[in-house]
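Numbers for residues simply follow the sequence, beginning at 1. If you're wondering where the values come from, they're calculated on a predicted model, not measured in any experiment.
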Amino acid sequence: MSVFGALSSLLTALADTLDPLFGASATAVAIIVFTLCVRLALHPLARAAARGERVRRDLAPQVAEIQRKHRSDPERLRRALTETYADAGASPLAGCGPMVLQIPVFMVMYRLFTGHDHDLLTHTLLGAPLGGRWSDALADGGVFGAHGMVYAGLFAVIAGVAAYTFWSSRRILAERKAEAEGLRQAEAAKNARNTRKGRKAKAAPPPEPPHPAAGLTRWLPLLSFGTLVTAAIVPLAAGLYLATTTAWTAAERTLLTRHSGPRAEQGLAD
């Protein structure tokens, strides 16, 4: 059995189970449930990525020291950073796992509702065909038509999630910037105390110079709104998958990062 046939059978069986509760929209609900199951299966990778991110944040002062020490020797700097991350069990690519592994699932969902299984193409969400696109809804009643309002609801969910993701990402970036500044000030305060006690003060780390891609990083969260464009051109079924997975990502990231606040206070206490 092909991948398309297996997923079609799975969605059909799940829709049959949900049919007594959701009727004609059972297949749409089955897509949402299937997406949640996929994200639940990938959750251990997301937790590992969050742990890796916390480790990298803890290593930030050590990394800054290594960068200052080997700034004139790029090769030694690369080796030292690689060894530091390896010893701590952190990988710069750890956070890419859940996102990369979802791509095949999304592509299969897209192909499934673009002509592979004609039976699935007949299913609807509140009357809007799961194999249809927003352009079809605009041609059949316009933006405020019955089908157009289904897409309006979908776009509202995706836009709300994108706005929350943008806000939370900007907040996290601001917290990390404040944390780095706090650590620098903590080192300066420690040096001042050592100077008063007659000890040799360690040079306080200078403020980090602006990274060439700092502007890009600042506006990178805006890419979350690109999901709206994708949802407008793919079949409604794939749009449901996008809305569900982005909502899961936003909630998951919030839960995994809520206990990892700034550590500047720890630096001040050392």
### Task
Quick one: pull up CD1 in Ile233 and CG in Leu228 and give me the separation to the nearest 0.5 Å.
11.5 Å
### Task
Enumerate the residue pairs fulfilling side chain to side chain donor-acceptor pair (under 3.5 Å) with a member in residues 151-161, sequence neighbours excluded, ordered by first and then second residue.
none
### Query
Checking side-chain contact (heavy atoms from CB on, under 4.5 Å) for the pair Asp140/Asp136: CA distance, chi angles, key distance, verdict?
CA-CA 6 Å; Asp140 184 19; Asp136 301 326; over 6 Å; no
### Query
Quick one: does His147's side chain have a donor or acceptor within less than 3.5 Å of a partner on Gly127's backbone?
yes
### Task
Just do the side-chain contact (heavy atoms from CB on, under 4.5 Å) check on Leu130 and Leu240 with the steps written out, would you?
CA-CA 9 Å; Leu130 292 176; Leu240 284 175; 4.0 Å; yes
### Message
So does Thr165 get a backbone contact from the side chain of Ser168, meaning a donor-acceptor N/O pair under 3.5 Å?
### Response
yes
### Query
Is any side-chain heavy atom of Val234 closer than 4.5 Å to a side-chain heavy atom of Tyr241?
no
### Message
Within the structure provided, determine whether Thr244 and Ile31 are in side-chain contact (heavy-atom separation under 4.5 Å).
### Response
no
### Message
Are Leu154 and Met149 linked, directly or through intermediate hydrophobic residues, by side-chain heavy-atom contacts shorter than 4.5 Å (ILVMFWY only)?
### Response
yes
### Message
Assigning hydrophobic clusters by single linkage (Ile, Leu, Val, Met, Phe, Trp, Tyr; side-chain heavy-atom cutoff under 4.5 Å), is Ile32 placed with Leu18?
### Response
no
## Note on the structure
Value for CZ (Phe34) from CG (Leu14), rounded to nearest 0.5 Å, stands at 9.5 Å
### Query
Looking only at heavy atoms, what is the nearest atom pair of Ala15 and Ala30, with distance?
N-CB, 3.9 Å
## Note on the structure
Taking every heavy atom of Ala137 against every heavy atom of Gly148, the minimum-distance pair comes out as CB-N, 3.9 Å
### Message
Distance check, rounded to the nearest 0.5 Å: Leu236 atom CG versus His123 atom NE2?
### Response
13.5 Å
### Message
Please give me the minimum heavy-atom distance between Ala243 and Ile158, naming the atom from each residue.
### Response
CB-CG1, 3.7 Å
### Message
Can you list everything that forms a ring pair (Phe, Tyr, Trp, His ring centres under 6.0 Å) with Phe155? Sequence neighbours excluded, please.
### Response
Trp134
### same_hphob_cluster(Leu242, Leu42) at 4.5 Å side-chain heavy-atom cutoff
yes
### Closest non-hydrogen atom pair between Val150 and Leu125, with its separation
CG2-O, 3.7 Å
### Query
Looking at CZ of Arg39 and OG1 of Thr245, how far apart are the two atoms once the value is rounded to the nearest 0.5 Å?
4.0 Å
### Task
Give a yes or no on whether the backbone of Leu126 and the side-chain of Ser25 come within a donor-acceptor separation of less than 3.5 Å.
yes
### Task
Determine, using the 4.5 Å side-chain heavy-atom cutoff (strictly less than), whether Phe225 and Val157 are members of one ILVMFWY cluster.
no
### Task
Might you work through the side-chain contact (heavy atoms from CB on, under 4.5 Å) test for Tyr164 and Thr254, ending with a clear yes or no?
CA-CA 10 Å; Tyr164 173 78; Thr254 299; 2.5 Å; yes
